[in-house]
2 protein chains.
Amino acid sequence: MTIDTPRAGQPAATAAEAVQASVRQHISEGRLLPGQRLVDQALAEEFGVSRNTVREAMRLLAADGLVASVRNAGYSVRTLTTGDVHDIYTARRLLETGAILKSASAPDALLADVDQAASASEQHVLSGDWNRAATASLDFHRAVVRMAGSTRVDAFFHNLVAQLRLAFAVMPDESAFQIQWVGRDRQIADLILAGRRDEATALMNDYLNDSETQIIDGVRAAERARH
Amino acid sequence: MTIDTPRAGQPAATAAEAVQASVRQHISEGRLLPGQRLVDQALAEEFGVSRNTVREAMRLLAADGLVASVRNAGYSVRTLTTGDVHDIYTARRLLETGAILKSASAPDALLADVDQAASASEQHVLSGDWNRAATASLDFHRAVVRMAGSTRVDAFFHNLVAQLRLAFAVMPDESAFQIQWVGRDRQIADLILAGRRDEATALMNDYLNDSETQIIDGVRAAERARH
DNA sequence: GTTGACAAGATTGTTGAGCAATCTGTAGAT
DNA sequence: ATCTACAGATTGCTCAACAATCTTGTCAAC
């Protein structure tokens with residue numbers, strides 16, 4: 001692992017935040033796989049910071065649920081159980097369908113974001129880049145949740161999605177898994193924009209149920225393979 | 001401030017977590033008021049731990065939104081703006097009404113918890129203890145959200161409520177503010193238990209709107225009083 | 001009286017070394 | 001094969017120190 005150049009958006013005010021952001025990004029991009037151990041001494045040397053600084057970053061990541069910690073034994077990239085996946089999808093159903101129902105009172109700009117995110121996702125599929133398509137699809141869902149109008153809910157959902165990526169990483173064929181959703185994103189977006197909210201929520205529920213089923217199968221297979 | 005004896009439930013595995021839990025509790029109970037500065041050197045001495053340990057606790061509290069931090073200037077108990085209050089109530093409307101709609105598929109035990117929490121709240125009003133009544137009322141709302149069936153949503157809502165307490169603290173007459181809700185909690189609980197979910201969500205929405213209005217007025221008054 | 005510049009103090013951000021507690025894995029004894 | 005004891009690894013935490021930066025108080029200029 002190497003130190004990332006600070007992202008343009010957030011200049012990473014402190015060293016601990018830079019470490020946190022970098023490790024989080026590595027996890028999101030699948031460069032750090034679930035179960036991977038994170039030894040603070042080693043991280044400190046790689047990032048060129050002190051152990052205390054790494055520890056602060058690890059604590060924050062652990063609070064976010066991305067890193068598991070066992071006292072006096074070590075940190076590691078979290079491995080999600082099937083129970084975790086179900087919990088995350090239960091939360092997604094609540095937030096995403098709820099946000100659709102509240103879309104009646106959402107400002108036009110947020111509706112436009114939803115439309116745009118669905119289109120961006122389609123573009124990446126056409127150009128065959130499933131990895132970007134997957135990211136764009138998640139951005140679409142974040143745009144949906146943003147319609148609810150709460151920055152705190154946005155942040156929570158953002159973290160939920162980051163955790164979900166831990167499960168994506170263990171899917172046997174992630175490209176085939178990811179590509180199938182894009183068309184459904186478009187359908188949901190159209191129903192939202194048309195104001196047909198009940199149909200949109202129904203479709204969203206189907207989507208989430210199907211996605212959950214597949215991921216739980218994948219996680220279960222990975223669990224068995226580990227033993 | 002003094003060091004709390006570790007709570008029975010969670011033995012506070014590490015020193016940093018003990019500090020975090022203690023400061024959080026002090027904030028919840030109104031012993032630390034919004035704007036109060038939290039100097040790590042001073043906290044370290046009071047808790048008998050090192051500065052680094054206090055810093056880790058402050059970072060976690062800042063991530064939770066309970067503590068504000070300005071680089072090289074200091075930590076302080078967060079002061080909520082009217083925008084923050086609105087954001088929190090927008091989140092509450094989404095989560096609480098959504099949870100009620102999902103109560104159809106909630107296990108009986110969780111419904112029983114909702115009933116019990118509403119009753120406990122009433123009891124404390126009868127015995128005139130508005131402070132406990134307020135806590136019990138919030139517990140009722142947490143029980144409602146728990147019906148949604150996601151531990152991650154529970155934790156998020158728990159934190160949301162903790163932030164809201166920052167606003168309660170600046171209400172001119174908190175006892176009068178708190179007592180008025182208890183009867184409505186009971187009504188909502190009865191509608192949920194009767195399976196009249198649409199009426200329950202409508203009543204919940206009214207409740208949250210009224211509560212938001214009053215708190216925003218209180219926060220606005222406190223803002224003016226500060227200048 | 002208000003404004004602005006400047007210096008002094010306070011506080012955080014971070015480092016680096018060090019020690020105790022505890023987990024993990026290994027080698028040996030039964 | 002199972003259990004035990006030991007050694008190594010890793011975390012949790014402390015302490016002292018220094019640089020960067022924010023805040024406050026002072027003083028002069030307008």
Side-chain angles (χ1 to χ4, degrees), chain A residues 1 3-7 10-24 32 34-79 226-227, chain B residues 1 3-7 10-24 32 34-79 226-227:
Chain A
M1 191 189 326
I3 303 177
D4 285 325
T5 53
R7 288 174 302 177
Q10 290 129 331
T14 71
E17 279 161 26
V19 173
Q20 184 199 7
S22 180
V23 173
R24 164 177 276 141
L32 279 172
Q36 174 77 245
R37 296 206 51 188
L38 301 169
V39 179
D40 61 8
Q41 182 73 261
L43 288 176
E45 287 172 15
E46 289 177 37
F47 281 93
V49 299
S50 80
R51 257 187 73 209
N52 280 322
T53 302
V54 172
R55 278 173 51 73
E56 286 186 7
M58 290 295 119
R59 267 243 156 78
L60 291 170
L61 289 167
D64 280 349
L66 294 177
V67 161
S69 81
V70 181
R71 191 182 162 94
N72 295 314
Y75 295 103
S76 58
V77 179
R78 183 160 180 185
T79 303
R226 208 171 307 121
H227 295 296
Chain B
M1 191 189 325
I3 303 178
D4 284 327
T5 54
R7 287 175 301 177
Q10 289 128 332
T14 70
E17 279 161 25
V19 173
Q20 184 198 6
S22 180
V23 173
R24 164 176 276 139
L32 279 171
Q36 174 78 246
R37 297 204 53 187
L38 300 169
V39 179
D40 60 9
Q41 182 73 260
L43 289 176
E45 286 171 16
E46 290 178 37
F47 282 93
V49 298
S50 80
R51 258 188 72 210
N52 279 324
T53 301
V54 172
R55 279 175 50 74
E56 286 185 6
M58 290 296 119
R59 268 243 154 79
L60 290 170
L61 289 167
D64 280 348
L66 293 177
V67 160
S69 80
V70 180
R71 191 182 160 95
N72 294 313
Y75 295 102
S76 58
V77 179
R78 183 160 181 185
T79 303
R226 209 170 306 121
H227 296 296

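Side chains are part of it too, since the values below use all heavy atoms of this structure and drop only hydrogens, waters and symmetry mates.
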Using the rule given for side-chain contact (heavy atoms from CB on, under 4.5 Å), can you reason through A/L61 versus A/L38, listing the C-alpha separation, both sets of side-chain angles and the distance that settles it, and then say yes or no? CA-CA 11 Å; A/L61 289 167; A/L38 301 169; 5.8 Å; no
Given the rule in the side-chain contact (heavy atoms from CB on, under 4.5 Å) test, do A/V19 and A/V49 qualify, once you have shown the distances and angles that lead to the verdict? CA-CA 9 Å; A/V19 173; A/V49 299; 4.2 Å; yes
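For B/R55 and C/dG13, the shortest distance from a side-chain N or O to OP1 or OP2 is below 4.0 Å.
Put simply, CD on B/Q36 and OG1 on B/T79 are 10.5 Å apart, with the number rounded to the nearest 0.5 Å. If you take OG1 on B/T53 and CE on B/M58, they are separated by 11.5 Å, rounding to the nearest 0.5 Å. To the nearest 0.5 Å, atom CD of residue B/Q41 and atom OG of residue B/S50 are 10.0 Å apart.
The residue among A/T53 and A/A73 whose nearest nucleotide of DNA chain C is located toward the 5' end is A/T53. Of the residues near DNA chain D, A/N52 and A/G74, the one whose nearest nucleotide (by heavy atom distance) lies more toward the 5' end is A/G74.
Taking atom CD of residue B/Q41 and atom P of nucleotide C/dT12, one finds them 8 Å apart after rounding to whole Å. Note: CE (B/M58) to P (C/dT14) measures 17 Å, nearest angstrom. Taking atom CZ of B/R71 as the reference point, atom C1' of C/dT11 lies 12 Å away to the nearest angstrom.
Among all heavy-atom pairs drawn from A/A73 and A/R37, the shortest one is O-NH2, 2.6 Å. Summarising the geometry of B/S76 relative to B/G35, their closest heavy-atom pair is CB-O, 3.9 Å, with the distance given to 0.1 Å. Counting all heavy atoms, side chain and backbone alike, A/L60 lies closest to B/A63 at CD2-CB, 4.0 Å. Between B/R78 and B/P34, the closest heavy-atom pair is O-CB, 3.4 Å.
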Identify all pairs in which a protein N or O lies below 3.5 Å from an N or O of nucleotides 4-10 of chain C, and state each distance.
none

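On the nucleic acid side, DNA chain D contacts chain A at distances under 4.0 Å to non-hydrogen atoms, with the end points of that region at D/dT10 to D/dT14.
Proximity of B/Q20 to B/D64: side-chain heavy atoms (C-beta onward) are separated by under 4.5 Å at one or more points. Residues B/V67 and B/V77 fail the side-chain proximity criterion, which asks for heavy atoms closer than 4.5 Å.
Heavy atoms of B/D40 sit under 4.0 angstrom from primed sugar atoms or phosphate atoms, though from no base atom.
A heavy atom closer than 4.0 Å to some atom of DNA chain C occurs in no member of residues 62-70 of chain A.
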